[in-house]
Enquirer: 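Okay, handing you the structure first.
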Amino acid sequence: LMKGKTAGSWERLKVPTLEMLYPTIKQEDIDYIFERQQLEKLETKLNYKFKNRYLLICAMTHSSYQHFNAKNETIPFDCYQRLEFLGDAVLDFLITYEVFSSQGNNNSPGILTDIRSALVNNYQFGEMCVENGFHQFFFHNIPDVYKKNDEFYSKYQQVFDEDEQCMKWKWPQMASSEAPKQTGDIFESLAGAIFLDNCNPIVDNGLALIKVWQVVEPFIRSRMDKF
């Protein structure tokens, strides 16, 4: 148990206000960066509108990147990795629960673990980010990531599906292993940001988790259905 924490403290998930997250950042600077980077387009892709835009900017910002306000002053945003840490746990739980609910009576624990491992990994998340264009909003200054993303995206091609007798966008075998790690990371950081964005003073029925699942399921479902 964590020192200083009581059992009752875990019953509440507090809304992270801007003052709690970073007290020196002004809302007008957040809105300026949000609009300049056209992050409403990312919200459209996610089909989710953030109440706290700071969280979305942090989820897409690498420590190598600096944001500037309208006065050309540097604005410090947290690196995406803290939200990735949270989002990793959130996605692991949600996908584990979904796999258990749909497969629990049909497969052994070992098979359930294999299915979860096939779904909850950086490679799959990297594919989903590129398929949906999330990587285009990743703020960083790492030349190698730009190069690897371009090379990785070039492998995503239309091929003829023999089973469905139509053209479909697909990855070649083993392409996932070539995705830059940071590209998969931002899928997890987005999940963490959405989770925090939906923490109410008292969360009933796992509201924050439900909202995350509503957002990410459309991107994950086709992969889950293969099992």
Enquirer: Tell me every residue that passes ring-ring contact (aromatic ring centres under 6.0 Å, His included) with Y48, counting only those two or more places apart in sequence or in another chain.
Expert: F50

Enquirer: May I have the step-by-step check of salt bridge (charged side-chain N to carboxylate O under 4.0 Å, His left out) for E98 and R116, ending in yes or no?
Expert: CA-CA 9 Å; E98 186 69 13; R116 180 182 63 186; over 6 Å; no

Enquirer: Does the side chain of C58 come within less than 4.5 Å of L83's, by heavy atoms?
Expert: yes

Enquirer: Which residues pass the salt bridge (Lys or Arg N to Asp or Glu O under 4.0 Å) test with D114, sequence neighbours left out?
Expert: none

Enquirer: At their closest point, which heavy atom of D78 faces which heavy atom of Y54, and how far apart are they?
Expert: N-OH, 3.7 Å

Enquirer: Are the side chains of F187 and L91 in contact, using a 4.5 Å heavy-atom criterion?
Expert: yes

Enquirer: With a 4.0 Å cut-off, would you call E84 and K181 a salt bridge?
Expert: yes

Enquirer: How would you list, by chain and number, every residue that makes a side chain to side chain contact (heavy atoms under 4.5 Å, CB included) with F68, sequence neighbours excluded?
Expert: Q66, N72, T74

Enquirer: For T183, which residues count as a side chain to side chain donor-acceptor pair (under 3.5 Å) partner, sequence neighbours excluded?
Expert: N149

Enquirer: Could you tell me whether a side-chain N or O of D92 sits under 3.5 Å from a main-chain N or O of D88, the two making a donor and an acceptor?
Expert: no

Enquirer: For the backbone of E43 and the side chain of N47, can you confirm whether one donor and one acceptor N or O come within less than 3.5 Å of each other?
Expert: no

Enquirer: Please identify which of these residues, Q182, H140, E188, M60, meets the side-chain contact (heavy atoms from CB on, under 4.5 Å) condition with Y80.
Expert: Q182

Enquirer: Between Q124 and A118, what is the shortest heavy-atom contact and its length?
Expert: CG-O, 3.2 Å

Enquirer: Taking salt bridge (Lys or Arg N to Asp or Glu O under 4.0 Å) as the definition, give me every residue that meets it alongside K51, ordered by chain and number, with sequence neighbours left out.
Expert: D197

Enquirer: Using the test side chain to side chain contact (heavy atoms under 4.5 Å, CB included), find all partners of Y32 that sit at least two apart in sequence or belong to another chain.
Expert: R36, A70

Enquirer: Do the side chains of E40 and K49 get close enough for a salt bridge, i.e. N-O under 4.0 angstrom?
Expert: no

Enquirer: Under 6.0 Å between ring centres, would you say that holds for H135 and F137?
Expert: no

Enquirer: Among V216, I210, V215, find the one that has a side-chain contact (heavy atoms from CB on, under 4.5 Å) with W213.
Expert: V216

